Amino acid sequence: MKIDTRKILARFRWCGLLTSATLLASSCVFAQGPKPVTPEMRQKVDALVQKLTLEQKITLIGGEDDMFIKAMPSIGLPRLKMSDGPLGVRTWGPSTAFAGGIGLAASWDTKLADRVGVMLGEDARARGVNFLLGPGINIYRAPMDGRNFEFFGEDPYLAGQMAANYILGVQSQGVSATVKHFVANNSEFDRHNVNSIVDERTLREIYLPAFEAAVKQGHTGAVMDSYNLINGEHATQNAFLNNQVLKKDWGFQGVLMSDWDATYDGVAAANAGLDLEMPSGRFMNEKTLLPAVKSGKVPEAVIDDKVRRILLTAMRFGWLDRDQTDLSIPLLNQDADAVALQSAEEGAVLLKNEGSLLPLNKQTVHSIAVIGPDSYPAVPGGGGSSTVTAFAPVSFMGGLSKMLAPDVKVYWDAGIQSPQDIFSNTHWCTDATCSRHGLTETKYIQATNQKLTSGVNDHVDNVSGSEWGDAARIPLRVEWTGFYVPKQSGVYRFYTQGVGETRYRLMVDGKQVLEETHHEGQAPKSAIVTLRANKPAQIQFLVWPMTDNITAGLGVIAQDKLIDPEAIRLAKMADVAVVNVGFGPDSESEGFDRTFELPGGQDELIQAITAANPHTIVTLTAGGSVDTHAWIANTPVLLHTWYAGQEAGTALAKILFGEVDPSGKLPISFEKRIEDNPTYKNYYEQTGTHDVKYAEGLFVGYRYYDKSQVKPLFPFGFGLSYTTFAFHNLTITPDKASPDSPITVGFDVENTGSRAGAEVAEVYVGDPSARVERPIKELKGFTRVSLNPGETKHATVTLNRRSFAYWDTRTEGWKVDPGKFVVYVGDSSANVPLQKNLTLQ
Ligand code: BGC
């Protein structure tokens, strides 16, 4: 890793100051990356292990207090602290919130990944954290996965390079990264039970390589097993993946921990390679493992190996020699703020810019209307364990106001109510004459239909299942019944939500209007129904909670009341309108999947604002693609900002007004319709089972679009800039070679426009003469090149044996079929203007 000397000097300055202020000099021990494992180190670790009793060793392999590995003072092991990532050091109070993984991946900037890692490492040390629980690198199969925003997109090579550099950065600060979630954890519904059925070649070529890069190139100190099953075996007890692939094939020497409560069988997990059960030793404990060791079911050597890994990691990172808390690092770290801003700027992808509406000019734009649910407050990230409390997150409205006021007027309106607002504002009636407001809530025992308690709720606004108490013990059905009496005839939009492990159904006048069949939470859904004035509509909302840890929401609004007229008025008045739509922690999160469609009402909002003002810019806050069909044709500008972290608003203002040239590229394929996605028929569990068959095999994302007649709306790797680029002079050296020596791909990148910018050159490799079916081309290298107007730079990318190989199931190894290969260079998977053949012997 390149060392930033400026940074080191700055840190020494801090240490100097602190020492002169007579603070403990030990708090200034400069962090070092992990030391390489040496035979002496192994001997020392073995000696420590020998000092422990079997009971002590077992105690050590179960965590405590949610985020710690237990201390073992007799051998000098301090309590080791963890913090959630991957978007910031999130567990111990406010911290820096960086762009979400997918936004970082959209920068295609490995140096930035490293810089983000360094800052995360500093933030971790400032809080005494030994293990950062990130990066998350599961492959993007479909837009619905509620955690896509944390991960690095659809391509294993891109994800692997971003991950390895992020990890090197974190670990350079003496903090262990924890790459997660190993593996095939590509959806959130039913996440403890879902069984990902993936053939080995697909695993090796699509789902494992980013983890492999994290281990072999990033040297990650820890790996986290996922909740799901893979080919019938839970990740935490999958010996093939943990022992064979991770530890044996890749030589992983660190700690393999479980996801939180992802251990289901102590003996099976112990034997299958799990080193540490988190957040506590619920299964890998003395009660289970002592008799198992004594009876020979679990060899003591297996327990020793786990303890050895924990101690070796502690020794390599220096945790046995120094205090992990580095008080010389400011908690509110301005260097980190700057990197967070860079991550937001470089990650934004400009997808459409009709008539070069962007960049805007402060001299000619006198007023701007900022509208939409994601415009204020700031939405730095999605929901779940990655949610960072940033010190002062900048919303889109805040960022634009700060840059523009008072010269340019900034108007603001949320434009539509959130589903939560609609839940709280709906006026229900318990009976058709509306003698009383509210809906009647009744609990039934699911199995016997026996009626339990009943009462009236004024609103079903996130009613919490904890009120039912016994839902976890006795499976219940909870029903809300009553009426909605519309004041006018017309179209109404019903909204539902069931967060947590639950399913539900909404019936209006006896007809099913909305349904959620998948357990483990859902984003809000909406549907329209036509109602007649003053004719009471009968409502029945049935919820089947799996636990009492759920919330339910129900509401309705007249479609013509959906859009706030003030938003349209402001959009008409302003020179330019910016509509910030998308998701947020309530609608895109760990714990549940999201919809492909934007949350209810947002399509209509975009349509209304673009109709009111032809100079409308739409921004998307989402972890991936969304359904754009209702508005894309009439929207002149579309900018994907993902979840851009604490500086999202500052970055947006700079991009819109041309202080920053957009340079992000899609790390995913953006489909026109969800039916076009290769996983469309097999994303969810097969009926009556927990099985998700990865039937698309290798053909995820662009690998599928390349070979099919279906074209995405925006291809993988695509992104516009305010300038233009061209590629020339492709050379391959040598072009007849053995795959065992490096092959250099050289080309020129030219800035053909009139302003400075950065282009990402993407290098794909195809194997048309392969003996097995292979994708037409696959990303095997990329480089980001910054260029002044008119400037040309020569770039090179080095390919190696692996760039040409596929996983051969017969020999259980990587294989290169000799013959013709094609190297492609371009700016997206759909635009590769340079192509050349090479022959491998
Ligand atoms: C998540 C992990 C997270 C852990 C600790 C789990 O529910 O899946 O990504 O690191 O919780 O908060």
Side-chain angles (χ1 to χ4, degrees), residues 62-69 80-93 95 97-98 100-102 120 123-124 127 129-139 145-152 159 163 166-167 170 175-194 196 210-211 214 220-230 234-236 254-264 274-282 381-389 499-501 519-521 547 549 585 588-593 623 643:
E64 69 176 1
D65 296 341
D66 206 43
M67 284 283 161
F68 293 90
I69 297 181
L80 301 177
K81 186 174 179 181
M82 303 183 180
S83 168
D84 252 315
L87 282 48
V89 179
R90 94 110 186 180
T91 309
W92 308 101
S95 195
F98 299 90
I102 194 134
L120 285 164
D123 277 358
R127 292 155 181 81
V129 168
N130 302 81
F131 289 93
L132 180 72
L133 305 178
I137 60 169
N138 296 102
I139 292 291
D145 181 355
R147 295 188 84 170
N148 277 331
F149 72 91
E150 295 181 48
F151 308 151
F152 291 138
Y166 173 119
I167 292 166
V170 171
V175 174
S176 171
T178 309
V179 68
K180 64 190 187 182
H181 311 84
F182 191 62
V183 62
N185 177 192
N186 309 102
S187 57
E188 280 301 286
F189 61 83
D190 200 18
R191 65 178 175 167
H192 285 269
N193 305 306
V194 68
S196 303
F211 287 95
T220 187
V223 175
M224 186 191 293
D225 263 339
S226 56
Y227 285 115
N228 52 288
L229 299 90
I230 305 102
H234 265 294
T236 45
V255 179
L256 176 61
M257 67 178 80
S258 70
D259 199 341
W260 271 227
D261 293 311
T263 309
Y264 307 88
L274 186 73
D275 300 319
L276 174 68
E277 179 183 358
M278 290 304 292
S280 66
R282 189 167 150 211
S385 62
S386 66
T387 311
V388 180
T389 305
V499 175
E501 292 189 40
H519 289 301
E520 183 120 10
T547 71
N549 188 18
E588 183 161 25
S589 169
E590 175 182 344
F592 60 85
D593 269 3
Y643 289 91

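We count ligands from 1, going down the list as the structure has it; atoms in each ligand are counted the same way. Positions are given from 1 along the sequence. Since this is a predicted model, take the numbers as computed values, not measurements.
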Item to check | Any N/O pair W260/ligand 1 closer than 3.5 Å | outcome: no
Checklist entry - Tell me, do T220 and F211 make a side-chain contact under 4.5 Å, heavy atoms counted? => result no
Checklist outcome for this item: ligand 1 atoms nearer than 4.0 angstrom to some heavy atom of M67 are 5 (C), 12 (O)
Item to check | Flag side-chain contact, heavy atom, 4.5 Å: E188 against D145 | outcome: yes
Checklist entry - Near M224, which atoms of ligand 1 are under 4.0 Å from a heavy atom of that residue? => result 10 (O)
Next on the checklist: Just to check, does E150 reach to within less than 4.0 Å of ligand 1 when the distance is taken from its heavy atoms?
Outcome noted: no
Checklist entry - Which of the numbered atoms in ligand 1 are below 4.0 angstrom from a heavy atom of L133? => result 10 (O)
Next on the checklist: Applying a heavy-atom cut-off of 4.0 Å, say which part of E188 lies close to ligand 1: side chain, backbone, both or neither.
Outcome noted: neither
Next on the checklist: Among all the protein's non-hydrogen atoms, which is closest to atom 3 (C) of ligand 1, and how far away is it?
Outcome noted: D84 OD1, 3.3 Å
Item to check | contact_flag M82 ligand 1 heavy-atom lt 4.0 Å | outcome: no
Checklist entry - Does the pair K180/D259 count as a salt bridge with the N-to-O cut at 4.0 Å? => result no
Checklist entry - Do R147 and S385 have side chains that get closer than 4.5 Å, going by heavy atoms? => result yes
Item to check | Residues in side-chain contact (heavy atoms from CB on, under 4.5 Å) contact with T91, at least two apart in sequence or another chain | outcome: M67, S83, D84
Checklist entry - If you count the atoms of ligand 1 from 1 in the order shown, which ones are under 4.0 Å from a heavy atom of H181? => result 2 (C), 8 (O), 9 (O)
Next on the checklist: Looking at T236, is its backbone amide N or carbonyl O close enough to the side chain of Y264 to form a donor-acceptor pair, meaning the two atoms are under 3.5 Å apart?
Outcome noted: no
Next on the checklist: Contact between V388 and F98 at the side-chain level, heavy atoms closer than 4.5 Å - yes or no?
Outcome noted: no
Item to check | Counterpart residues, side-chain contact (heavy atoms from CB on, under 4.5 Å), relative to L256 (two or more places apart) | outcome: V223, D225, N242, L246, K247, F252, L274, D275
Checklist entry - Which residue from N185, D66, D259 reaches closest to atom 2 (C) of ligand 1 through any of its heavy atoms? => result D259
Next on the checklist: As an exercise, identify every atom of ligand 1 less than 4.0 angstrom from a heavy atom of R147.
Outcome noted: 1 (C), 2 (C), 8 (O), 9 (O)
Next on the checklist: Quick check on contacts: which atoms of ligand 1 are under 4.0 angstrom from a heavy atom of K180?
Outcome noted: 2 (C), 3 (C), 9 (O), 10 (O)
